[in-house]
Protein chains: 2
Amino acid sequence: MSVTARANDFTPLYVHIGRYLRALILDGELTTGDAIPSETDLVKKFGTTRGTVRSAVDVLVNEKLVQRVHGKGTFVQARPIRHDIWDFGGFTDSLGDQASLAVAKVISAHTMDLEGRTYFELVRLRGIKVNDHIDYLSLDTSWIPLDMFPGIDVVDFEDRSLYELFRKTYDTHPRRTAMTLTAEVIDDTERRLLKEKSQDALLVAHGSAFDQNDIEIERIKSVYSSRIQFNFTTAIADPEEWLK
Amino acid sequence: MSVTARANDFTPLYVHIGRYLRALILDGELTTGDAIPSETDLVKKFGTTRGTVRSAVDVLVNEKLVQRVHGKGTFVQARPIRHDIWDFGGFTDSLGDQASLAVAKVISAHTMDLEGRTYFELVRLRGIKVNDHIDYLSLDTSWIPLDMFPGIDVVDFEDRSLYELFRKTYDTHPRRTAMTLTAEVIDDTERRLLKEKSQDALLVAHGSAFDQNDIEIERIKSVYSSRIQFNFTTAIADPEEWLK
DNA sequence: CTTGTCTAGTGGTCTAGACAAGTGGACAAG
DNA sequence: CTTGTCCACTTGTCTAGACCACTAGACAAG
């Protein structure tokens, strides 16, 4: 990517600078521990002000791609990059940065019988693509009842989203998923597909997806990569406040 | 918290404003879907500029506590996690005097040095007691900075809630926890304490607790029994709805 | 009734500075 | 050699504006 030419005039400058820096890191020109250009350097390079440059770096800081150190500089973080599970599972589209794209790779697809019903079993690696670098973040197995979605077993899912197919071909609109989280020791296949090295156990979610009428349309098992984070916050009630 | 009085003069104003807003939400004065005060309102209230106010709101946006909507306002986010399932994390307070009683058993308690600071490390088995039958549901390790809570290392925690002690003795009111969930292979000690049989991996949460001033008061590691269910739901966005 | 325009209020982006505070090297004093 | 001071460079915080884009309601024109 050239330094100054933006994709179009409507891309905010801070997003553009952020992409420039992200490319430096993901393309390997900067690696773990390296300092990115200082804020004043970037100000000169892009002909802008520190406020805009800091906005750009803020994005990378929130992605945990870099870390600021007061008085020293801003440094590339140790890999692996971690993603928040809500960004991934919920609204990949709203990442705001079109450099990120949801991708999927089919591992296997066939029909099977279970509890007297025929299901289409689809196993996919799913992840995000940033600057031509694909990071697979989960191994998803879907079981879809064939009687509800006839013909789904002959669809090529390499370049079609499952939910897009539901919407366009079957007029079924997925609305929510209900999942239960567990921890499982992974096998060699899972380890290889998700490129896990030292990790022996991973988060696994079991559950179902429901459509606009709250009908169960899909059973799901997702094995999450260790590069994905499950962050949550809780509020703590104070008993004394109940006396108010 | 009063609007303008900062904890001390060294707290950046944007952090202070962020705490004010977070308190509004966590204390229930603003709930899901409500708009927080507009940026210009906050500028007037705190006598500052939009840049500083936006820095404050940025923090909450990154915590996914609020969501900005261009042209409309900034709104309190829906929490995708069903709240009830996390409540056992503070069950000593929330179960109170119902038929089931919260119980804790101290496994170890001593002081330790970490990163140049002295912490009190408290390891407890926590669970519930129903009809004289005790079921331990988590193995919690707490690290509490001794300089903030002098004398806490000589307290008997067999029959005292840690948070009750914080409130009554130290006038510190725990308000929220921020945790990250991972999967870990368990060792023999953990297996024995939590009475796990076939389970080889368990869910583990790492994180911190914060008080009414949003100061970190406790670092936490919880290993959860497989007898606890972690349920969550996600909403699925429909691209066509964006065209409305 | 529908349609279009105007307007007040909102967040989105950006400029052009200022001073504070932490880091690390150069260099002089002891 | 060690110690302390100074200085250049870094990020952290903040001010005081500017203009843009989007939303929603009021209101007039058709």
Side-chain angles (χ1 to χ4, degrees), chain A residues 3-4 6-21 30 33-77 94-98, chain B residues 4 6-21 24 30 33-77 115-116 214 241-244:
Chain A
V3 174
T4 49
R6 293 192 226 181
N8 59 61
D9 292 336
F10 306 109
T11 307
L13 180 55
Y14 80 95
V15 172
H16 177 69
I17 298 174
R19 286 178 183 166
Y20 165 77
L21 293 171
L30 296 176
D34 288 352
I36 68 172
S38 77
E39 295 174 359
T40 45
D41 283 352
L42 291 170
V43 163
K44 289 173 199 158
K45 187 175 212 106
F46 289 93
T48 179
T49 57
R50 264 190 79 209
T52 301
V53 165
R54 282 187 68 83
S55 292
V57 178
D58 279 345
V59 176
L60 303 199
V61 169
N62 285 323
E63 291 175 3
K64 308 247 168 93
L65 211 58
V66 300
Q67 186 175 18
R68 286 197 178 102
V69 180
H70 191 177
K72 295 184 73 173
T74 302
F75 302 88
V76 178
Q77 278 271 48
S94 71
L95 287 179
D97 192 342
Q98 299 187 350
Chain B
T4 49
R6 293 193 228 183
N8 59 60
D9 292 335
F10 306 108
T11 306
L13 180 55
Y14 79 95
V15 172
H16 176 68
I17 298 174
R19 287 174 180 169
Y20 164 78
L21 293 171
L24 282 184
L30 295 176
D34 289 352
I36 68 171
S38 76
E39 295 176 358
T40 46
D41 282 353
L42 291 169
V43 163
K44 288 174 199 157
K45 185 177 213 104
F46 289 93
T48 179
T49 56
R50 265 189 78 208
T52 301
V53 165
R54 282 187 66 85
S55 292
V57 178
D58 279 345
V59 176
L60 303 199
V61 169
N62 285 323
E63 291 176 5
K64 309 221 187 296
L65 214 55
V66 300
Q67 185 175 18
R68 288 196 178 103
V69 180
H70 192 176
K72 295 184 72 174
T74 302
F75 301 89
V76 177
Q77 276 268 40
E115 298 165 5
D214 224 46
E241 298 197 355
W242 300 347
L243 302 178
K244 284 181 181 173

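Treat the numbers as computed from the prediction; the structure is a model and nothing was measured. Here is how names work: the chains are called A, B, and so on, in the same order as the sequence lines, proteins then strands, and each is numbered from 1.
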Discussion item. Within the 4.0 Å heavy-atom criterion, would you say B/T49 contacts the bases, only the backbone, or no part of the nucleic acid?
Written reply: base
Worksheet item: Considering only heavy atoms and no angle criterion, is a donor-acceptor pair shorter than 3.5 Å present between the side chain of A/R50 and the base of D/dG12?
Response: yes
Discussion item. When you compare the side chain of B/R68 with that of B/D58, does any pair of heavy atoms fall below 4.5 Å?
Written reply: yes
Response to the item:
Between B/K72 and A/K72, whichever has its closest DNA chain D nucleotide further toward 5' is A/K72
Worksheet item: Reckon A/T74 has a side-chain N or O less than 4.0 Å from the OP1 or OP2 of D/dT11?
Response: yes
Fill in: C/dA8 pairs with, by Watson-Crick or G-U criteria that keep both distances under 3.5 Å
D/dT23
Item to complete: Looking only at non-hydrogen atoms, find the nearest pair between B/V59 and B/Y14 and report the distance.
Response: CG2-CE1, 4.4 Å
Worksheet item: C/dT15 phosphate, OP1 or OP2: any side-chain N/O from A/T52 under 4.0 angstrom?
Response: yes
Worksheet item: Are any of B/T40's side-chain N or O atoms less than 4.0 Å away from OP1 or OP2 of C/dT10?
Response: yes
Fill in: Heavy-atom closest pair, residues B/H16 and B/T11
N-CG2, 4.3 Å
Worksheet item: Among B/V66, B/I36, B/V76, whose side-chain contact (heavy atoms from CB on, under 4.5 Å) with B/L60 holds?
Response: B/V66
Item to complete: Using a cut-off of strictly less than 4.0 Å, decide whether A/R54 has a side-chain nitrogen or oxygen near OP1 or OP2 of D/dG12.
Response: yes
Worksheet item: When A/T74 is tested against each of A/D34, A/V69, A/L21, A/V57 for side-chain contact (heavy atoms from CB on, under 4.5 Å), which residue passes?
Response: A/V57
Worksheet item: Just how far, in rounded Å, is C1' of C/dT13 from CG of B/D58?
Response: 12 Å
Discussion item. Students often get this wrong, so: under 4.0 angstrom with heavy atoms, is B/S55 touching a base, only sugar-phosphate, or nothing?
Written reply: nothing
Worksheet entry | Distance in angstrom units between A/Y14 OH and C/dT15 P, rounded | 13 Å
Response to the item:
Whole-Å distance, B/H16 NE2 to D/dC14 P, equals 11 Å
Fill in: Which residue lies more 5' along DNA chain C, comparing A/G71 with A/G51 via nearest heavy atoms
A/G51
Practice prompt. Would you kindly give the CZ-to-P distance between A/F46 and C/dC14, to the nearest whole Å?
Written response: 12 Å
Worksheet entry | Gap between atoms CD and P, on B/E39 and C/dT13 respectively (whole Å) | 11 Å
Item to complete: Specify the separation, in whole Å, of atom CG of A/L42 and atom P of C/dC14.
Response: 14 Å
Discussion item. Can you tell me whether the side chain of A/H70 and the base of C/dG22 have a donor-acceptor pair closer than 3.5 Å?
Written reply: no
Worksheet entry | Closest approach of A/G18 to A/A56 (non-hydrogen atoms, all atoms of both residues) | N-CB, 3.8 Å
Worksheet item: Contact class for B/T48 (heavy atom, under 4.0 Å): base, sugar-phosphate, or nothing?
Response: sugar-phosphate
Worksheet item: Using purine N1 to pyrimidine N3 plus N6-O4 or O6-N4 for Watson-Crick, or N1-O2 and O6-N3 for G-U wobble, each under 3.5 Å, what pairs with D/dA29?
Response: C/dT2
Worksheet entry | Interatomic distance where CZ belongs to A/R68 and C1' belongs to D/dC9 [whole Å] | 16 Å
Discussion item. Rounded to whole Å, please give me the gap between CG in B/L60 and P in C/dG11.
Written reply: 13 Å
